[in-house]
Amino acid sequence: MSIQPYQLMVESLLLRLPTHHSKHNFIVNAVGKERAGYYGEKKLMYPISKIDFSHDLLFQLRLPLNGAYFQMDSLVLTPRFLLIMEAKNYSDDVAFDSDFYRVVQKRGDEVRVYDDPVLQVEEQRYLLQVWMEMFNYPDIPIETLVVMTNPSFRPSGDSRYKEKIIPVNRLSSRLREISSQYSRQIISRKEISRLGHAFLDAHEPYVTYPDRRFGIVEHEWNKGVFCMECGRLGMRMMRMRWECNRCGSRSGDAHINAIKDRYLLVGPTLTNAEFREMTGVKSVYTASRMLGRENYNKYGKNKGRKHRLEYSYEKDFGYLEYLVKLYQDRQIKFKNKQINF
């Protein structure tokens with residue numbers, strides 16, 4: 001499984017958005033929510049690895065249907081059945097109300113209300129059935145589960161949800177129970193592989209930018225180059241090398257991460273002027289040399305020349321996890337100082 005573009009975007013935005021910005025706390029919460037979801041889905045990997053029947057596994061599959069999209073957290077494919085799983089990270093006391101299709105979570109004096117995850121995953125099943133019918137795939141049974149990944153989760157409410165909502169430590173046994181209900185092979189193992197490839201070919205990850213999603217325009221977040229030693233923004237170019245004025249660390253390629261941030265926050269093209277604005281490089285010639293080293297595909301001429309940025313969401317953004325951790329550590333230390341003061 002891989003981190004999704006939306007999660008990378010909000011992490012990059014968190015690092016560059018001033019703490020006094022009116023939407024800063026909203027972005028902090030968005031990062032927390034995306035990370036909790038990601039780590040929750042990772043918790044599914046071990047119990048799934050213990051099942052003893054042949055299967056394929058897809059995560060965060062987002063498929064187009066009738067001009068819109070639907071997304072599934074996890075999809076297990078077997079020759080006998082498919083299984084859609086929705087991972088939830090609810091903690092503390094959680095009540096399920098099937099009469100009003102909602103979930104009520106109580107954490108101390110705080111009460112939060114969420115959409116019913118069982119209704120959500122059943123809607124995903126219906127949409128997947130429609131999608132498969134449109135492309136003439138075999139009619140194969142589709143099961144659904146909601147998996148609670150937080151060990152502090154304490155459920156109450158409708159008993160009808162007992163087999164639909166389970167803790168993650170029950171997942172392996174529940175998967176075996178579901179498998180035992182389907183003895184007849186509907187399609188071959190080879191056809192399951194083809195179906196999995198068809199899903200991946202149709203998959204379109206959710207890509208958005210701060211101006212579209214949050215109404216945060218480019219001039220509202222900070223430009224500059226991050227130091228990968230101390231995590232601070234504001235490295236300066238000194239004799240064709242980057243130098244941090246806080247910790248003294250030096251780097252020859254620290255600007256690459258700034259380019260990647262711009263890719264996440266603005267889009268996949270970059271001009272010389274935009275590179276200079278993002279990094280603080282003053283010289284047009286120096287910027288041209290630095291961009292030329294990266295062998296980006298180019299189109300246009302002179303000032304209108306644009307570089308086409310191409311990065312892998314799965315492989316090229318590991319630096320964000322490290323920088324976000326440094327950022328969060330600084331915020332905790334700052335709050336502790338305020339409390340002690």
Side-chain angles (χ1 to χ4, degrees), residues 1-2 37-63 65 70-90 94 96 98 103 116-151 153 155 157-203:
M1 62 179 297
S2 59
Y38 174 70
Y39 292 126
E41 288 165 17
K42 285 184 72 173
K43 289 181 181 179
L44 303 184
M45 296 297 292
Y46 177 65
I48 291 175
S49 71
K50 295 194 294 182
I51 60 178
D52 56 359
F53 53 86
S54 177
H55 67 280
D56 289 338
L57 180 62
L58 301 176
F59 283 100
Q60 293 293 337
L61 191 64
R62 184 170 178 263
L63 301 176
L65 181 65
F70 68 100
Q71 182 164 320
M72 297 166 284
D73 277 359
S74 312
L75 179 64
V76 178
L77 299 88
T78 82
R80 294 170 288 122
F81 65 93
L82 307 183
L83 170 65
I84 302 171
M85 290 186 293
E86 181 76 14
K88 294 297 183 185
N89 194 52
Y90 301 144
V94 180
F96 296 91
S98 63
V103 176
D116 183 341
V118 173
L119 183 66
Q120 179 182 352
V121 78
E122 289 299 322
E123 179 69 8
Q124 292 169 6
R125 168 161 62 180
Y126 169 75
L127 295 173
L128 182 59
Q129 287 173 332
V130 172
W131 191 92
M132 293 181 68
E133 287 173 5
M134 284 179 59
F135 294 98
N136 297 315
Y137 286 106
D139 183 14
I140 186 168
I142 302 175
E143 288 283 340
T144 61
L145 276 179
V146 176
V147 184
M148 296 298 167
T149 59
N150 195 316
F153 160 70
D158 200 324
S159 61
R160 287 176 291 178
Y161 282 1
K162 186 177 179 181
E163 295 304 315
K164 285 295 183 180
I165 302 176
I166 62 170
V168 69
N169 59 6
R170 168 144 161 64
L171 180 56
S172 294
S173 60
R174 184 70 186 114
L175 288 173
R176 287 190 288 268
E177 289 172 3
I178 292 172
S179 177
S180 68
Q181 297 170 13
Y182 297 99
S183 58
R184 186 169 70 90
Q185 180 171 307
I186 308 298
I187 57 179
S188 69
R189 190 67 187 80
K190 190 173 183 179
E191 287 173 317
I192 277 291
S193 180
R194 288 175 182 167
L195 179 59
H197 282 100
F199 285 145
L200 292 176
D201 288 343
H203 168 67

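The figures that follow rest on heavy atoms only: side chains count, while hydrogens, waters and symmetry mates do not.
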Please name all residues satisfying side chain to side chain donor-acceptor pair (under 3.5 Å) with K43, sequence neighbours left out, ordered by chain then number. none

Closest non-hydrogen contact found for P79 with S54 is CD-O, 4.2 Å

Roughly how far, to the nearest 0.5 Å, is the CG atom of L75 from the CG atom of L57? 8.0 Å

Between D139, I140, L63, which is the residue that forms a side-chain contact (heavy atoms from CB on, under 4.5 Å) with M132? I140

Does Q120 have any side chain to side chain donor-acceptor pair (under 3.5 Å) partners at least two apart in sequence or in another chain, and if so, which? E86, K88

Which heavy atom of A87 sits nearest a heavy atom of T149, and at what distance? CB-CG2, 4.2 Å

By side-chain contact (heavy atoms from CB on, under 4.5 Å), which residues pair with H197, not counting sequence neighbours? S193

Pairs flagged by salt bridge (charged side-chain N to carboxylate O under 4.0 Å, His left out) wherever residues 116-131 is involved - sequence neighbours left out: E122-R125, E122-K164

Applying salt bridge (charged side-chain N to carboxylate O under 4.0 Å, His left out), which residue pairs with at least one partner in residues 185-198 are found, sequence neighbours left out? D56-R189

Checking Q129 now: which residues fulfil side chain to side chain donor-acceptor pair (under 3.5 Å) with it, not counting sequence neighbours? none

Is atom OH of Y126 surrounded by more than 12 heavy atoms (other residues, nucleotides or ligands) closer than 6.0 Å? no

Evaluate the side-chain contact (heavy atoms from CB on, under 4.5 Å) criterion for residues L145 and I178: first the C-alpha distance (whole Å), next the side-chain angles of each, then the deciding distance (0.1 Å), finally the verdict. CA-CA 10 Å; L145 276 179; I178 292 172; 4.0 Å; yes

Using 0.5 Å steps for rounding, measure from the CG atom of L58 to the NE2 atom of H203. 9.5 Å

Could you check if a side-chain atom of L44 sits within less than 4.5 angstrom of a side-chain atom of V168, using non-hydrogen atoms only? yes

Exam field: side chain Q124 to backbone Q71, donor-acceptor pair closer than 3.5 Å: yes

What residues form a side chain to side chain donor-acceptor pair (under 3.5 Å) with R176, not counting sequence neighbours? none

With F199, which residues qualify under ring-ring contact (aromatic ring centres under 6.0 Å, His included), at least two apart? W131

Under 3.5 Å, which donor-acceptor pairs link side chains of residues 179-187 to any protein atom two or more places apart or in another chain?
from: S179; atom 1: OG; to: R80; atom 2: NH1; distance (Å): 3.1
from: S179; atom 1: OG; to: R80; atom 2: NH2; distance (Å): 2.9
from: S180; atom 1: OG; to: E177; atom 2: O; distance (Å): 2.6
from: Y182; atom 1: OH; to: E143; atom 2: OE2; distance (Å): 2.4
from: Q185; atom 1: NE2; to: I187; atom 2: O; distance (Å): 3.3

d(L195 CG, L77 CG) to nearest 0.5 Å is 5.5 Å

Roughly how far apart are E41 CD and N89 CG, rounded to 0.5 Å? 10.5 Å

From D73 atom CG to F59 atom CZ, the distance as rounded to the nearest 0.5 Å: 9.0 Å

Quick one, Y46 and L171 - any side-chain contact, counting heavy atoms below 4.5 Å? no

Quick check for you: to the nearest 0.5 Å, what is the distance between T144 atom OG1 and I165 atom CD1? 10.0 Å

